[in-house]
Amino acid sequence: MKLSDLKVGEKAKIVSIHGKGITKRRLMDMGIVSGEILIVEKVAPLGDPVDIVVKGYHLSLRKLETEEIEVEVLS
Amino acid sequence: MKTIVVAVVGNPNSGKSTLINAMCGTNLKVGNWPGVTVEKKTAILRLNNLIVHLVDLPGIYSLNPCTQEEEIARDFLVKEKPDLIINVVDSTNFERNLYLTIQLLELGIPVIMALNVYDEAKKKELEFNIDKLENWLGIRVIPTVATKKDGIKEVIGAINEMGLNSTSPKKLTYRDDVEKAVKIVEDALKVANYPIFQKYPVRWVTLKLLEGDKFVMKTMGLKGDEPFLKDAKSIFNKFEGHDEIHSMFAEIRYKIANKIAKEILRNRGRQGRDLTERIDRVVLNRFLALPVFLVSMWFVFKLAFDFSTPISDWIEFVISGFILKWATYILELLHSPNWLISLTTDGVIQGVGAVIVFIPPISVMMFMITLLEGSGYLARVAFVMDKLMHSIGLHGKSFIPMLLGFGCNVPSIYATRILETERDKKLTAFLVPLMSCGARLPVYVIFINTFFQSHGATVLWSLYMLGIFMAIVLGFVLKKTLYKGSVPFFVMELPPYRVPVLRDLVFQTWQKLKHFVVKAGTYILAMSVIMWFLLNTPYGIEKHNSILGKTGRTLSPVFEPLGFGTWEASASLVAGLIAKEVIISTMVQIYGLDGPVEKRNGNSKLSQDLVEVGVSFVIALKDAFLNLISLFKVKALSTEEDEKENPLMGRLRDAFTPLSAYSFLVFVLFYWPCVIVGIAMKNEFGSFKIYGQLMLVHSLVAWLMAVLVYQGGKILGF
Ligand SMILES: Nc1nc2c(ncn2[C@@H]2O[C@H](COP(=O)(O)OP(=O)(O)OP(=O)(O)O)[C@@H](O)[C@H]2O)c(=O)[nH]1
Ligand SMILES: [Mg+2]
């Protein structure tokens, strides 16, 4: 399942990050690494980007990036 | 005495600049959003037997930069190799900050950790075992609260100690297989004696080579496919699902960070929503976010208007009722020739005065922008606007330099460094001048006071919003033509809301305001004198026959369809090419008031006048605060003033209709960004090319929009 498929309030564990190059590097530098738990906090008024909480801080990501992140929903 | 260079390094928004300000009493720019510092700045700290050069750097998340500002920080660390690093760590965000620390330790430069924002960590009931952390990393760790100067003495003490005899940090060992690969590369490198090893530890160079760092490879003349590198990399089994070894390293480093954090950090806090999250439920709510933004902007302008008007009126009174009067008196006493009296009074005092009068609303605007930056709302605006900005091929972060442009466009040009690509920077810089800066405010205010007094804030708001609207339209056109290209990623952290420190509020506002005050005393002064000459040579000529008058008359047909085809308006606009404040300082002279306005009436004494100036100031302050209070009440206190009207306003009312006045304001909003913006663009992009494009495109936009407003308005019957 992709991070972009999660609904607001859902909690998930990162499985892997697709893509390559600078985007992936930046995501990983900011703590989007496999095994990490994240929560989808909110969606911006115009539907994009989303605000997620990872490692205890708020990070906003666009659909383009959330589609690259494979996750596993936790109940 | 020994001099050392200390780099202050850390994640964006961790409090680096605040820490240096606390140590050295400097006024480096601070703000509650990531990316405030975009260039390196040095502050000097003198200790007993040590001179410390503290270098403030832009924030970084790792030693692999993505933006120009991050590159500045990386280059400084890697190329100039400071003697010591102060690693400022946001303790409420410990693990991610530690990820950078781990990379800093590998550089082999002595490190002191300032565990900052310790107050918020305590509030969140995070408990650190400092001793254990120091042992793990082999460095000094000092808890600090930079905003309250807690722990600053200890940091300075540690710098002093380390500066005199420093110790290198411990080596953090990675997983076994990584260490094995490192060993292979190290052995191969040790044979050849690369000059880079005089500066950097072999281990760091090795890790960077394994990661495929282009910068290091280039410095060493390696290609990355050397047999020993291939051998080393073959140890890793397909990089564990990553196609780049770098990603695997990122995960390994985060694992170390995670392990350390687990051992030294205990979170005893409840996992409930904190204040920030509760505020964001409203401010970032899907339906409320945009209205909240628009309404809060409206309040900014309302405040800029209502609070500052009484004080502006007072300054006006001091200039025309006091300074002008006594200056004339003194000049007459000295038997000065008529032209000199006119130059001093009509030219210098009235011209500069016309701009000084608007310092109060400009101050309020600057204050509000500082508040916006300090509270944490700025990053939220970027979040809310991202989708919209996306449609013009930019992303939300571009909105940050643009909003800052409401203060002054010049720092906004530099603030584009927070963006990832050159194209984004240029496109954003291209749109920044559409954001109405403080220098345009005087023109708006005087016209609004003349024509739209009852809806002041709304008219002002409409102009600023028109600027944003045009930015989106123009951005859309430019995306399809001049600046094609794809949108890079948008990954941005949202800081918690904070109450800005009073000292920061005051000093940061002043830093922004200073520019305008200095400009009034230099630039505008010089321009007022020049304009006086252009209007008065040969002395005694009628104004419309002067050089400026003739220029205005030649150009006026251009402005005919816009509703203000008079030589006076055209000439003022020409003068405003230099800086937009000059429009007003020139208008005062042009529409002026032939002959000295008010002769000193014989019976008032200097002391009486001074008392009156003082008393009226107190009244003005009282009115300003009453207006402030009434802002928040339903019904505004009626100001039963005996409207002593500014003489310029009377003349404007004869020359413009409300419609042509609004059209004029729209023109002023958009045309010809000032020369200082041009210089900033040259500094940032290396040539005047973009400024050239800007002047043409923006002037065209201004003309078209003003025509649209005027002709459209006429059809609608205004
Ligand atoms: N509560 C609290 N706030 C702090 C502390 N130190 C800094 N801040 C606030 O954190 C925000 C960021 O401070 P800056 O000094 O601008 O951070 P910076 O690291 O220089 O940021 P960049 O230049 O963007 O990388 C400001 O709002 C500061 O007031 C602290 O110890 N406690
Ligand atoms: Mg800073």
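Please read these numbers as outputs of a predicted model, since none were measured by experiment. Letters go in sequence order (proteins before strands), and every chain restarts at 1.
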* Asked: Between the main-chain N or O of Ser34(A) and the side-chain N or O of Tyr254(B), is there a donor-acceptor pair closer than 3.5 Å?
  -> no

* To do: Using non-hydrogen atoms and a 4.5 Å limit, figure out which bit of Asp280(B) sits close to chain A: side chain, backbone, both or neither.
  => both

* Measure Asn93(B) against the heavy atoms of chain A and call it side chain, backbone, both or neither at under 4.5 Å. => side chain

* Asked: What heavy-atom pair brings Leu394(B) and Arg62(A) nearest, and what distance separates the two atoms?
  -> O-NH2, 3.4 Å

* Structure fact -> Given Asn11(B), Leu288(B), Asn64(B), the one with more heavy-atom pairs under 4.5 angstrom with chain A than any other is Asn64(B)

* Asked: Quick one: what part of Leu388(B) sits under 4.5 Å from any heavy atom of chain A, side chain, backbone, both or neither?
  -> both

* Asked: Is Arg25(A) close to Ser247(B) at the side-chain level, that is, under 4.5 Å between some pair of heavy atoms?
  -> no

* **Proximal component of Tyr99(B), with respect to chain A [non-hydrogen, under 4.5 Å]** => side chain

* Structure fact -> Cut-off 4.5 Å, heavy atoms of chain B, and the answer for Ile52(A) is neither

* Tell me, with the steps shown, if Arg281(B) and Glu41(A) meet salt bridge (Lys or Arg N to Asp or Glu O under 4.0 Å). => CA-CA 10 Å; Arg281(B) 284 191 117 175; Glu41(A) 261 291 312; over 6 Å; no

* Partner chain A: residue of Phe94(B), Phe287(B), Phe383(B) with the largest heavy-atom pair count (under 4.5 Å) -> Phe383(B)

* **Under 4.5 Å from any heavy atom of chain B - which part of Ser60(A)** => both

* Asked: With respect to chain B, which residue among Glu36(A), His18(A), Arg26(A) yields the maximal number of heavy-atom pairs within a distance under 4.5 Å?
  -> Arg26(A)

* Heavy-atom contact with chain B under 4.5 Å, split by part of Val8(A) -> neither

* Distance from Asp29(A) atom CG to Gln103(B) atom CD, nearest 0.5 Å? -> 6.5 Å

* **salt bridge (charged side-chain N to carboxylate O under 4.0 Å, His left out) partners of Arg74(B), counting only residues at least two apart** => none

* Structure fact -> Given Gly47(A), Gly35(A), Pro49(A), Gly56(A), the one with more heavy-atom pairs under 4.5 angstrom with chain B than any other is Pro49(A)

* Asked: Under a 4.5 Å heavy-atom cutoff, which of Ser16(A), Gly31(A), Pro45(A) has the most pairs with chain B?
  -> Pro45(A)

* **CG-CE distance between Leu59(A) and Met492(B), expressed to the nearest 0.5 angstrom** => 9.0 Å

* Asked: In terms of heavy-atom contacts, does NZ of Lys2(A) have more than 12 from other residues, nucleotides or ligands at under 6.0 Å?
  -> no

* Check whether any side-chain heavy atom of Met28(A) sits under 4.5 Å from a side-chain heavy atom of His246(B), and report yes or no. => no

* Would you name the heavy atoms of Leu27(A) and Val491(B) that are closest together and state the gap between them? => CD2-CG2, 4.0 Å

* Cation-pi check, Arg96(B) to Tyr57(A): give yes when NZ or CZ is under 6.0 Å from the six-membered ring centre and within 45° of the ring axis, no otherwise. => yes

* To do: Answer yes or no: is there a side-chain heavy-atom contact under 4.5 Å between Glu277(B) and His58(A)?
  => yes

* Is chain A contacted by the side chain of Glu70(B), its backbone, both, or neither, given a heavy-atom distance below 4.5 Å? -> side chain

* Asked: Which atom pair, heavy atoms only, marks the closest approach of Arg286(B) to Val43(A)?
  -> CG-O, 3.7 Å

* Give the C-alpha distance, both sets of side-chain angles, the deciding distance and a yes or no for side chain to side chain contact (heavy atoms under 4.5 Å, CB included) between Leu61(A) and Phe490(B). => CA-CA 6 Å; Leu61(A) 300 171; Phe490(B) 176 72; over 6 Å; no

* Please identify each residue that fulfils side chain to side chain contact (heavy atoms under 4.5 Å, CB included) with Arg498(B), with sequence neighbours left out. => Asn13(B), Asn32(B), Val117(B), Glu120(B), Pro496(B)

